[in-house]
There are 2 protein chains.
Amino acid sequence: MFDREFFLGFVKIHILYHAAKEPVFGVEITHELARHGYSLSPGTLYPTLHRMEKEGYLAGSSKVVNGRVRKYYRATAKGKQVLEQSRNSIRELVAEVLEEK
Amino acid sequence: MFDREFFLGFVKIHILYHAAKEPVFGVEITHELARHGYSLSPGTLYPTLHRMEKEGYLAGSSKVVNGRVRKYYRATAKGKQVLEQSRNSIRELVAEVLEEK
DNA sequence: CTCCCGATGTTGTATTGCGATATTGGTTTT
DNA sequence: AAAACCAATATCGCAATACAACATCGGGAG
């Protein structure tokens, strides 16, 4: 599926949402998104996670699971604040885009 | 307002939505978006419109209004299709992000 | 000890984003 | 009628992002 420029923001908000509920890690996110019809290559996903961490939206911590290192991310206060903002943006889009038809 | 990376997609869908209803032009879009709390500099807006035209989401036509040249854009079939997709994405986000709380 | 698998990481290139600046043509001011 | 101003679109230059392909790394299976 193309048209990524329109939907990448949605994807990131998905990530924030899940990271606000419980710790999440890379591959898990990939699968989650796939269930929603998005596909994200590692070359997009990991740099994005790193950036979101660096910018303070996510906080990451490495854990060893089955001997393998996984990096779990949680939404920070700032990340949750963006989520909150997004609720408003989504409501507006809902009102406009979803209504009638 | 920062955090643009999360919301630019929303902005573009806004543009598509309005361009699907009636012809729109640059400055008008700027004002429209401002009313929704988004701000978009010309250096972002115009290249974005050009690109969306080039990629076939929008169709532009220049008109002279009060002696000034304006470029009006309408959503193409492809643009409307993206809008349609976005309805689904929004529904999912609504289900996840907006529900509970 | 070799191969595969789950995960994360990196590289190189192309695309996008954006503030600042320019352009174009008409209107108002004096 | 020149100067200053305004609406609107366009471009420049640089920084930030996106992405596919490729690389790495440790454990477990055979």
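Nothing here was measured: the structure is a model prediction, and the numbers come from that model. By convention in this document, chain letters (A, B, ...) are assigned in the order of the sequence lines, proteins followed by strands, and residues within each chain are numbered from 1.
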Mind listing the residues from residues 46-54 of chain A sitting with a heavy atom below 4.0 Å of DNA chain D? Number order is fine.
A:T48, A:R51
So do the side chains of B:Y38 and B:L8 get within less than 4.5 Å of each other, counting heavy atoms only?
no
Length of the CD1-P vector between A:I29 and C:dG9, whole Å:
12 Å
Given atom NZ of A:K71 and atom C1' of C:dT10, what is their separation to the nearest angstrom?
14 Å
Rounded distance (Å) that lies between atom C1' of D:dA15 and atom CD of A:E55:
13 Å
Nearest-Å distance for atom pair CZ/P, residues A:R68 and C:dT8:
11 Å
Provide, to the nearest angstrom, the distance between the CZ atom belonging to A:F10 and the C1' atom belonging to D:dA18.
18 Å
B:L45 versus B:P42: any side-chain heavy-atom pair under 4.5 Å?
no
Mind checking B:K12 for me? I need base, sugar-phosphate or nothing, with any heavy atom below 4.0 Å counting as a touch.
sugar-phosphate
Taking all atoms of both residues into account, what is the closest heavy-atom pair of A:F25 and A:K71, and its distance?
CB-O, 3.2 Å
Specify the closest pair of heavy atoms between B:Y73 and B:G60, including all atoms of both residues, with the distance to one decimal.
CD2-CA, 3.7 Å
Quick check: closest heavy atoms across B:E5 and A:R51, and the distance to 0.1 Å?
OE1-NH1, 3.1 Å
In terms of ring plane angle, is the pair A:F6 and B:Y57 parallel, tilted or perpendicular, where the classes change at 30° and 60°?
perpendicular
Picking from C:dG19, D:dT9, C:dA7, which would you name as closest to the side chain of B:R70?
D:dT9
By nearest atom, which of the nucleotides C:dC18, D:dT9, C:dA7 is closest to the B:R4 side chain?
C:dC18
Here the distance between atom C1' of C:dC5 and atom NE2 of A:H31, to the nearest Å, is 12 Å
Under 4.0 Å: is that the gap between some side-chain N or O of B:T44 and OP1 or OP2 of C:dC18?
yes
In whole Å, I'd like the distance from the CD atom of B:E5 to the P atom of D:dA18.
7 Å
Measure from the side-chain heavy atoms of B:P42 and tell me the nearest of D:dC19, D:dA10, D:dA7.
D:dA10
Between CZ of A:F25 and P of C:dG9 the distance, given in whole Å, is 13 Å
Would you call the rings of B:H36 and B:H14 parallel, tilted or perpendicular, where under 30° means parallel and over 60° means perpendicular?
tilted
So A:L45, base contact, sugar-phosphate only, or nothing? Heavy-atom distance under 4.0 Å.
nothing
